[in-house]
Amino acid sequence: MARILALLSVLLAVEFSFGAPAVSKRSVSTLSASALSSLAPFTQFARAAYCPTSGLKDWSCGQACNALAGFQPTLVGGDGNGVQIFFVGYWPTQNTIVVAHEGTDPTQLVSDLTDINILMDPLDTNLFPGVSSNVLVHDGFRNEHALTAPAILTEVKRLMTVKNTKNVATIGHSLGGALAELDALFLTLNLPSDTSIQSVTFGTPRVGNAAFAQLIDTKVPNFKRVNNEKDIVPIVPGRFLGFLHPHGEIHIVSPGTAVACSGDDDATDSQCQIQTVPNIFVGNILDHLGPYEGINIGTIFCT
């Protein structure tokens, strides 16, 4: 933990002494109570992804599974160490195929050390056909995503046929949010053009460069990334390294109050994440776990 905080301190200490990618001024609007409460099922899916695979296979993972009664998992994989836990299944009430990934949290930092790998590389065009080599992403996230992408795509295609649906949702928290963000683009590029893809992530770090953020903006318009209060994870890796969040920020300012911040991330809006948490010294790592409107996410909350 100390090693990772030290690394983040270095990254954030120089964030504002170097240039960051230019972005246009955003608008900020208060999220309605109904819009905020509508995120709850996605939060529970992200929470469930931290549970043991034995409880995911028969959907008996405790409170998260109980909150999503009727969900039908059809593919469960990963071990939480070499490969993040993930699941794919059918959500009957929404006629939607769900893809969810486990993340990392302060209680289980060993889960995946790719979080501190800050190299950026082009996406594999075998997985992301037609994407320019100018589009760069975090090397560790890219490699982790590649471990599960083919199996996930095969299962999503199968379920789309079996369930006669064109709706797909990718979901995750922390590292799992980064994987869900990559999944959203990956599935968009590999599924029929009339597929409706949405992505909802929580406490997600920056995944790629400005070209990647712009590609998400264009290809995945139904994208939401939810940040909780003073969580430090969404402000790393630093923008001075060329990383940039795409659109879709929802910032939970306090319990029951959230704002929607349009456009890609910048440091000008007082209620959005970067201004609220300009560096890790004023942030709170515990906010990474929630509560996201009463729901905590992480291994210790799989009950």
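D231 has its side chain within reach of Y292: a pair of non-hydrogen atoms, C-beta onward, lies under 4.5 Å apart. Side-chain contact between T276 and V253 is absent, with no heavy atoms from C-beta onward closer than 4.5 Å.
SG atoms of C302 and C61 are separated by 2.5 angstrom or more, inconsistent with a disulfide link.
Other residues, nucleotides and ligands contribute only 12 or fewer heavy atoms inside 6.0 Å of the CG atom of N164.
Residues Q198 and K224 have side chains that never bring a donor and an acceptor to within less than 3.5 angstrom of each other. Side-chain contact annotation: D79 with N81, donor-acceptor N/O pair under 3.5 Å absent. Remark: the H101 side chain and the Q84 side chain contain no N/O donor-acceptor pair separated by less than 3.5 Å. Side-chain contact, S174 with H288: a donor N or O sits under 3.5 Å from an acceptor N or O. No side-chain donor from either of E181 and S199 sits under 3.5 Å from a side-chain acceptor of the other. Side-chain contact of D183 with H145: a donor-acceptor pair under 3.5 Å is present, judged by distance alone.
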Discussion item. Could you go through T74 and E155, starting from their C-alpha distance and side-chain angles, then the distance that decides it, and tell me whether this counts as side chain to side chain donor-acceptor pair (under 3.5 Å)?
Written reply: CA-CA 8 Å; T74 59; E155 183 62 10; 2.6 Å; yes
Worksheet entry | Working for disulfide bond (SG atoms under 2.5 Å apart), residues C261 and C272 | CA-CA 7 Å; C261 304; C272 301; 1.9 Å; yes
Item to complete: Would you sort out whether L289 and F301 count as a side-chain contact (heavy atoms from CB on, under 4.5 Å), showing the intermediate values?
Response: CA-CA 9 Å; L289 303 179; F301 301 108; 3.9 Å; yes
Discussion item. Pair N279, I232 - check side-chain contact (heavy atoms from CB on, under 4.5 Å), show working.
Written reply: CA-CA 7 Å; N279 59 68; I232 66 173; over 6 Å; no
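Note on ring orientation: taking the six-membered ring where Trp is involved, the planes of W59 and F87 are perpendicular (angle over 60°, cut-offs 30° and 60°).
The structure places CD of E102 at 9.5 Å from CG of L56, a figure rounded to the nearest 0.5 Å. The OG1 atom of T195 sits 5.5 Å away from the CD1 atom of I197 when rounded to the nearest 0.5 Å. Between the CD1 atom in I274 and the CG atom in D265 there is a gap of 4.0 Å [rounded to 0.5 Å].
Using a distance-only test at 3.5 Å, with no hydrogens or angles considered, a donor-acceptor pair links the side chain of H138 to the main chain of F141. Distance alone, capped at 3.5 Å, places no donor-acceptor pair between the R47 side chain and the G298 backbone.
Taking the ring centroids of F42 and F202, they lie at or beyond the 6.0 Å cut-off. Checked against a 6.0 Å centroid threshold, the rings of F71 and W91 do not count as neighbours.
For the pair K230 and D287, the salt-bridge criterion is not met [side-chain N within less than 4.0 Å of a carboxylate O].
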